[in-house]
Amino acid sequence: MPELPEVEVLARHLRPALRGRTVRGVRVNRAKILQPTSEREFKRALIGTKFKTLSRRGKYLLFDFQTAKKTVTVLGHLGMTGRMFIADKSEPLPKHAAVVLELDRGNFVFEDTRYFGRMTLDLAAVEKLGPEPWDEKFTAEIFRRELKRSRQPIKVKLLDQSLIAGVGNIYASEALFHARISPKLAANKLTLAQTEKLLRCVREVLAEAIDCGSTIPLNFSGGKKTDGLFYFGRAAGALDFYEERLLVYDRNGRPCVKCGTAVRRIVQAARSTFFCGRCQKV
DNA sequence: CACCATGTTCCTTG
DNA sequence: CCAAGGAACATGGT
């Protein structure tokens, strides 16, 4: 479930659920998820600590746990299929529960079928991130200056987390559609006006997704497939609510909502891109 | 069997 | 040194 909006919504749900909780024990079913932190190191650092705060940076979650002496920060990333939720201790763990924090009340479960996610004490990844989309210092001028250095298609650059943090494959296509810019346009060819518009659209698309997700009472504790997958309504077979919000993503061959032309799917940097060849000319 | 999937990192090539 | 492309990671859905 992982792009910036989903991670932000998850953080908002987890924060109150973790408030005041203490870590009594830690279970690791997939040590790979912790690397480069070792299982022993991870357990020793966390057992006995108390949850303090949770923040988001790009698609990463930063959990602060506290002992009398110091703060321990855990970096979480959902990869492609990761989910995090608080479950009653009586509930059976899902098949791919990678890490479980046994709390004084309930379990914090990190489940990830493909195990691409992370739960680690190594914070190096966040230091490589570019600015948050809403960072006021991240102006269109600065954005454009960075884009000038690359001839890669703009869609591919939007996925570069060191350029701007949090945009993923779905919202990259969506933002470009909103901005009426072709995903194939070379990054260094964007005009300042286009760059301004794109930055505005990235912000709008992400903000809208956060709003939308935040209004939904996610049930993270259940085993249902749809839990937490709020933007994947179609694949999860539910919520047409979402379907309407994604205007091009995963809509290959279906009519563009603005002009009726069939939405196209192309492959860029080994990832699907969806766009309208008529609305997104340049 | 084939192909697809919300992400990141590492390796190679130029 | 950098940019760019592709494979790898691991599992499941269609």
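So that the names make sense, note that chain A is the first sequence line, chain B the second, and so on, each numbered from 1.
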Pairing string of DNA chain B (Watson-Crick or G-U wobble, both atom distances under 3.5 Å; | = paired to other strand) is .||||.||||||||
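Between the CD atom of A/E127 and the P atom of B/dT8 there is a distance of 16 Å, given to the nearest Å. Rounded to an integer number of Å, the gap from NZ of A/K157 to C1' of C/dA3 is 8 Å. Rounded to whole angstrom, the span from the CD1 atom of A/I266 across to the C1' atom of C/dG5 amounts to 16 Å. Distance A/L129 CG to B/dG7 P: 13 Å, rounded to the nearest Å. Atoms CZ (A/R83) and P (B/dG7) sit 17 Å apart, rounded to a whole Å. Distance CD (A/Q268) to P (C/dG6): 12 Å, rounded to an integer number of Å.
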Each nucleotide of nucleotides 9-14 of chain B classed B (base within 4.0 Å of a protein heavy atom), S (only sugar-phosphate) or -, in 5' to 3' order, makes ------
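Within the structure, no pair that satisfies the salt bridge (charged side-chain N to carboxylate O under 4.0 Å, His left out) test touches residues 173-198 of chain A, not counting sequence neighbours. Sorted by first and then second residue, the pairs that involve residues 36-48 of chain A and meet salt bridge (charged side-chain N to carboxylate O under 4.0 Å, His left out), not counting sequence neighbours, are A/E39-A/K43. Identified under the side-chain hydrogen bond (donor to acceptor under 3.5 Å, both in side chains) test for residues 18-32 of chain A, with sequence neighbours left out: A/R21-A/D104. Among residue pairs with one or both ends in residues 158-167 of chain A, those qualifying as salt bridge (charged side-chain N to carboxylate O under 4.0 Å, His left out) are A/K157-A/D160; sequence neighbours excluded.
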Side-chain donor-acceptor distances from residues 146-153 of chain A under 3.5 Å, at least two apart:
| unit_1 | atom_1 | unit_2 | atom_2 | d |
| --- | --- | --- | --- | --- |
| A/K148 | NZ | A/N188 | O | 3.0 |
| A/S150 | OG | A/Q152 | N | 3.0 |

Name each donor-acceptor pair under 3.5 Å that joins a side chain in residues 265-276 of chain A to protein atoms two or more places apart or in another chain, with its distance.
| unit_1 | atom_1 | unit_2 | atom_2 | d |
| --- | --- | --- | --- | --- |
| A/R265 | NE | A/S272 | OG | 2.8 |
| A/R265 | NH2 | A/S272 | OG | 2.9 |
| A/Q268 | OE1 | A/T273 | OG1 | 2.7 |
| A/Q268 | NE2 | A/P183 | O | 3.2 |
| A/T273 | OG1 | A/K155 | NZ | 3.0 |

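For A/T49, the side-chain hydrogen bond (donor to acceptor under 3.5 Å, both in side chains) test picks out no residue, with sequence neighbours left out. Remark: A/Y115 pairs with A/H96 by the side-chain hydrogen bond (donor to acceptor under 3.5 Å, both in side chains) rule, at least two apart or across chains.
Near DNA chain C, meaning a heavy atom under 4.0 Å from it, residues 146-154 of chain A has A/R149, A/S150, A/R151, A/Q152 in order of number. Near DNA chain B, meaning a heavy atom under 4.0 Å from it, residues 113-123 of chain A has A/R114, A/F116 in order of number.
For C/dT11, neither phosphate oxygen OP1 nor OP2 lies less than 4.0 angstrom from any side-chain nitrogen or oxygen of A/H96. The side chain of A/K95 places an N or O atom within less than 4.0 Å of a non-bridging phosphate oxygen (OP1 or OP2) of C/dG12. For C/dA7, the OP1/OP2 oxygens have no side-chain nitrogen or oxygen of A/R271 closer than 4.0 Å.
Between A/E132 and A/R57 a salt bridge is recorded (basic side-chain N to carboxylate O distance below 4.0 Å). The pair A/E141-A/R145 does not meet the salt-bridge criterion, since no charged nitrogen lies less than 4.0 angstrom from a carboxylate oxygen.
Comparing C/dC9, C/dT11, B/dG7 by their nearest atom to the side chain of A/K32 picks out C/dC9.
In summary, the side chains of A/E208 and A/Y171 do not present any donor paired with an acceptor at a separation below 3.5 Å, with no hydrogens or angles considered.
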